[in-house]
Number of protein chains: 2
Amino acid sequence: MTAESSGRPMRADARRNRARLLAEADTVLREQGTGAPLEQIARRAGVAVGTLYAHFPTRRALLLELLRERHEALFALGDGLTADADAPPGEALLRWARAVADHGAVYSGLSDELLGGLEDPESELHEACARLSSAGTTLTERARAAGQIRAGVTADDVFALISAAAWTRDRLSDPARADHMTNLVLSALRP
Amino acid sequence: MTAESSGRPMRADARRNRARLLAEADTVLREQGTGAPLEQIARRAGVAVGTLYAHFPTRRALLLELLRERHEALFALGDGLTADADAPPGEALLRWARAVADHGAVYSGLSDELLGGLEDPESELHEACARLSSAGTTLTERARAAGQIRAGVTADDVFALISAAAWTRDRLSDPARADHMTNLVLSALRP
DNA sequence: ACCTGAACACCGTTCAAGT
DNA sequence: ACCTGAACACCGTTCAAGT
């Protein structure tokens with residue numbers, strides 16, 4: 001067991017290695033997507049593969065750490081939008097959906113992990129995905145009550161749609177189309 | 001070079017092996033998706049891996065043959081819908097979109113191949129994807145001219161949206177949601 | 001003309017041995 | 001307490017040797 005999972009402070013070299021691994025992993029995943037060779041990440045961080053595994057037992061555990069900051073920011077955004085009861089609920093929901101869709105397109109393959117992580121309780125990403133999904137629940141219900149989105153659309157539907165928007169953006173070779181396609185997919189929410 | 005690519009008739013055993021490979025490949029891909037181990041397909045077909053490669057030099061070449069019949073059926077459907085000039089153009093486009101979305105969800109991972117194959121001219125699936133995409137062009141233009149879909153939506157957008165619908169259906173663990181989500185994603189086309 | 005299966009490459013994952 | 005890197009497993013792909 002490593003120190004990080006037992007609450008004890010990590011040895012200085014371990015902390016440095018962990019930080020380097022995360023930094024290089026971010027670079028490599030931005031270039032090659034969520035399926036990038038772990039060996040390459042370790043090499044670029046200047047450590048052996050075993051060290052990577054010691055810090056992050058699975059690929060998804062590594063991915064979860066990489067996403068942590070952005071997840072926190074999204075939770076905060078969700079709270080902020082929910083707290084602002086006077087804002088037009090349709091617009092609030094759309095701002096939320098766009099933010100999560102952007103997030104899901106940061107690494108190629110991430111949209112699969114997000115929707116898959118919600119559906120699979122065994123995924124290391126499950127809790128984060130569930131929180132992201134439920135953060136949209138209040139916004140969805142308000143928008144629906146105000147008649148600003150389609151009847152019958154659930155928070156689960158919204159999350160699946162957001163994931164689909166991220167997936168589409170991810171696959172497009174022309175980055176100029178990214179915003180347009182995100183808007184188009186999310187426009188399915190219109191009443 | 002094999003006989004099949006030179007126009008000469010194949011030897012009887014080769015033809016039998018090819019047919020068996022395609023039949024087993026369909027079964028395996030339905031179970032495990034487009035990334036399934038090729039070794040397993042060969043074993044189930046009772047041949048060595050080399051034989052599979054002799055018939056289908058790449059994974060996508062195999063996939064293209066697996067899809068050929070369904071592609072022909074879709075081309076025919078597209079022609080039929082286009083020929084029927086009296087049908088409501090919005091409905092015709094939606095029938096087309098649903099048919100292609102169903103097709104793109106037959107094997108897990110197929111939606112990636114379809115949209116990716118359209119974007120990548122080097123893909124063995126490129127020509128088929130381009131034909132599928134362009135088959136929707138006339139239907140899209142008619143629907144747009146009749147004001148029955150959103151302004152500014154192109155045939156490329158429709159194909160990307162169809163792929164997104166297939167992807168979403170593919171990822172859902174609950175098959176009962178499949179139709180609902182397909183309808184929701186495609187409802188982005190509404191004016 | 002076609003098939004076989006061993007050979008090689010690549011990558012994920014583990015773990016005994018080191019510091 | 002942490003790191004190294006060899007070892008093993010798995011799969012894609014090629015090709016010399018067979019029929």
Side-chain angles (χ1 to χ4, degrees), chain A residues 1-25 28-29 31-66 108-109 112-113 122-124, chain B residues 1-25 28-29 31-66 108-109 112-113 122-124:
Chain A
M1 170 148 49
T2 55
E4 73 214 68
S5 59
S6 69
R8 263 174 296 104
M10 272 190 286
R11 225 166 61 180
D13 58 341
R15 211 145 47 88
R16 204 167 45 236
N17 284 338
R18 197 185 126 93
R20 279 184 190 156
L21 281 165
L22 284 172
E24 295 301 330
V28 172
L29 262 61
E31 287 167 1
Q32 309 192 33
T34 56
L38 299 179
E39 163 65 36
Q40 190 178 336
I41 295 171
R43 194 173 49 240
R44 290 180 56 150
V47 300
V49 234
T51 303
L52 190 154
Y53 279 92
H55 284 280
F56 311 102
T58 67
R59 181 183 290 274
R60 286 204 177 99
L62 170 61
L63 187 55
L64 180 62
E65 292 310 310
L66 285 172
S108 183
D112 291 76
E113 294 295 337
E122 302 303 309
S123 168
E124 284 89 339
Chain B
M1 171 148 48
T2 55
E4 75 214 66
S5 58
S6 68
R8 263 174 296 104
M10 273 191 286
R11 225 165 64 179
D13 58 340
R15 212 145 46 88
R16 202 167 45 234
N17 283 338
R18 198 185 124 93
R20 279 183 189 157
L21 281 164
L22 283 171
E24 294 301 331
V28 172
L29 262 62
E31 286 167 2
Q32 311 192 31
T34 56
L38 299 178
E39 163 65 36
Q40 191 178 336
I41 296 170
R43 194 174 49 241
R44 290 180 56 150
V47 300
V49 233
T51 303
L52 189 155
Y53 278 91
H55 283 280
F56 311 103
T58 67
R59 181 183 290 273
R60 287 204 176 99
L62 170 61
L63 187 55
L64 180 61
E65 293 310 310
L66 285 172
S108 182
D112 291 76
E113 294 295 337
E122 302 305 309
S123 168
E124 284 89 339

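Just so it is clear, the model here is predicted, and its values are computed rather than measured. In what follows, chains carry the letters A, B, and so on, assigned in the order in which the sequence lines appear, proteins first and then strands, with residues in each chain numbered from 1.
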Take the protein atom [atom1] of [X] and the nucleotide atom [atom2] of [N], then report the distance between them rounded to whole Å.
{"X": "A:Leu52", "N": "D:dG5", "atom1": "CG", "atom2": "P", "answer": "15 Å"}
{"X": "B:Arg59", "N": "D:dT13", "atom1": "CZ", "atom2": "C1'", "answer": "12 Å"}
{"X": "B:Leu21", "N": "C:dC3", "atom1": "CG", "atom2": "C1'", "answer": "12 Å"}
{"X": "A:Arg20", "N": "D:dC3", "atom1": "CZ", "atom2": "P", "answer": "11 Å"}
{"X": "A:Leu62", "N": "C:dG12", "atom1": "CG", "atom2": "P", "answer": "12 Å"}
{"X": "B:Asn17", "N": "C:dA1", "atom1": "CG", "atom2": "P", "answer": "17 Å"}

- Measure the CD1-CG distance between A:Ile41 and A:Leu52 for me, rounded to the nearest 0.5 Å. 6.0 Å

- Identify which nucleotide among C:dC3, D:dT4, D:dC2 has an atom closest to any side-chain atom of A:Ala14, counting heavy atoms from C-beta outward. D:dC2

Under the rule for side-chain hydrogen bond (donor to acceptor under 3.5 Å, both in side chains), what residues qualify as partners of [X], not counting sequence neighbours?
{"X": "A:Gln40", "value": "A:Gln32"}
{"X": "A:Arg20", "value": "none"}
{"X": "A:Asp112", "value": "B:Trp167, B:Arg171"}
{"X": "B:Ser108", "value": "B:Asp170"}

- Message: With a 4.5 Å cut-off on side-chain heavy atoms, are B:Leu62 and B:Leu29 touching?
- Response: no

- Is there side-chain contact between A:Phe56 and A:Leu38, with at least one heavy-atom pair below 4.5 Å? no

- Give a yes/no on whether any side-chain N or O of A:His55 is located under 4.0 angstrom from OP1 or OP2 of D:dC3. yes

- Have a look at B:Arg60 and tell me which of B:Glu113, B:Glu122, B:Glu124 forms a side-chain hydrogen bond (donor to acceptor under 3.5 Å, both in side chains) with it. B:Glu113

- Go through the structure and list residues passing salt bridge (charged side-chain N to carboxylate O under 4.0 Å, His left out) with A:Arg44, not counting sequence neighbours. A:Glu24, A:Glu31

- Note on the structure: The salt bridge (charged side-chain N to carboxylate O under 4.0 Å, His left out) partners of B:Arg59 (sequence neighbours excluded) come to none

Could I get a table of every N or O pair under 3.5 Å where one atom is in the protein and the other is in nucleotides 14-19 of chain D?
none

- Query: Do you know the tightest heavy-atom contact between A:Val28 and A:Ala36?
  - Reply: CG1-CB, 3.5 Å

- Query: Is there a residue in residues 35-43 of chain B whose heavy atoms reach under 4.0 Å of DNA chain D, and which residues are they?
  - Reply: B:Ala36, B:Pro37, B:Leu38, B:Glu39

- Per-nucleotide pairing state of DNA chain C [Watson-Crick or G-U, under 3.5 Å; [ ] pseudoknot-crossing; | other strand]: ||.|||||...|||||.||

- Message: Here's a test of your reading of the structure: between A:Thr58 and B:Arg15, which maps to the more 5' nucleotide of DNA chain C?
- Response: B:Arg15

